[in-house]
Amino acid sequence: MRWATARRGAVLAGAVLVGLCLVAPAPASAARGVEVRIVDAPAELAAGDSPRPLVVEATRPGRSECLKVRWSLVLRLSGITLDQVQVVRVEEDGAFAVDLVADGDTARLTDIEFDPGTLCDDQTVTARYEVSVAGDVPAGELAVTAEAYD
């Protein structure tokens, strides 16, 4: 991965369980005043369903300095494998290029370029993902952590 030596970010975690389970976002951690939260996520993912939206938002309340962010989404799988899950980072004009690094039951999708939006005082930058699970998955867990780096 290509990271600057001094990377700063904000993190938010949640879990999507395949089957009957819900998304359960956890409190956001902030770095340099950036707050990250999940604003839209599927209550459950059923195997074989159409892709469902996962939307993450970063805000920077009370800061005068604007910055660009690069999103990173970490997936932790239990009971399912990476090849059974599809996650696409999307922007208004279609798919947004990401770098994928996988290690066992964990994968990280990181924007190759900065998000098109600029994060300024009391404004937001949003990352949208489309998430789906293969039709042959009986049950499992997909835990999601969203991060925003400047």
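Side-chain atoms are counted along with the backbone in the values below, which use heavy atoms only and exclude waters and symmetry mates.
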Minimal non-hydrogen separation, [X] against [Y], with atom names:
X      : Y      : value
Pro42  : Pro53  : CD-O, 3.2 Å
Ala58  : Leu119 : O-CD1, 3.4 Å
Tyr129 : Trp71  : OH-CB, 3.5 Å
Pro61  : Asp121 : C-OD1, 4.0 Å
Leu77  : Thr81  : CD1-C, 4.1 Å
Ile80  : Gly140 : CG2-CA, 4.1 Å

Given the rule that I, L, V, M, F, W and Y join up when any side-chain heavy atoms are under 4.5 Å apart, are Val125 and Val39 in one cluster?
no

Connected via hydrophobic side-chain network under 4.5 Å: Ile112 and Val74
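No.
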
Taking the side chain as everything from C-beta on, heavy atoms only, tell me whether [X] gets closer than 4.5 Å to [Y].
X     : Y      : result
Ser72 : Arg108 : yes
Arg70 : Thr110 : yes
Leu73 : Val98  : no
Leu54 : Asp40  : no

How far does CG of Asp150 sit from CZ of Arg60, to the nearest 0.5 angstrom?
7.5 Å

Tell me, which pairs form a salt bridge (charged side-chain N to carboxylate O under 4.0 Å, His left out) where one or both residues lie in residues 48-58, sequence neighbours left out?
Arg37-Glu57

Tell me whether Arg76 contacts the main-chain N or O of Asp105 through its side chain, where contact means a donor paired with an acceptor under 3.5 Å.
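Not confirmed, Arg76 side chain does not pair with Asp105 backbone.
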
Donor-acceptor under 3.5 Å (Lys68 side chain, Pro116 main chain)
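Checked: pair present.
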
Determine whether Leu75 and Val144 satisfy the following criterion, side-chain contact (heavy atoms from CB on, under 4.5 Å), listing intermediate values before the conclusion.
CA-CA 5 Å; Leu75 311 172; Val144 178; 4.2 Å; yes

Mind checking side chain to side chain donor-acceptor pair (under 3.5 Å) for Thr106 and listing every partner two or more places apart, or none if nothing turns up?
none

Crowding at CG, Asp83 (>12 non-hydrogen neighbours, <6.0 Å)
yes

Without placing hydrogens or testing angles, list every side-chain donor-acceptor pair under 3.5 Å for residues 88-96, not counting sequence neighbours.
unit_1: Arg89; atom_1: NE; unit_2: Asp111; atom_2: OD1; d: 3.0
unit_1: Arg89; atom_1: NE; unit_2: Asp111; atom_2: OD2; d: 3.4
unit_1: Arg89; atom_1: NH1; unit_2: Glu91; atom_2: OE2; d: 2.8
unit_1: Arg89; atom_1: NH2; unit_2: Glu91; atom_2: OE2; d: 3.3
unit_1: Arg89; atom_1: NH2; unit_2: Asp111; atom_2: OD2; d: 3.0
unit_1: Arg89; atom_1: NH2; unit_2: Asp115; atom_2: OD2; d: 2.8

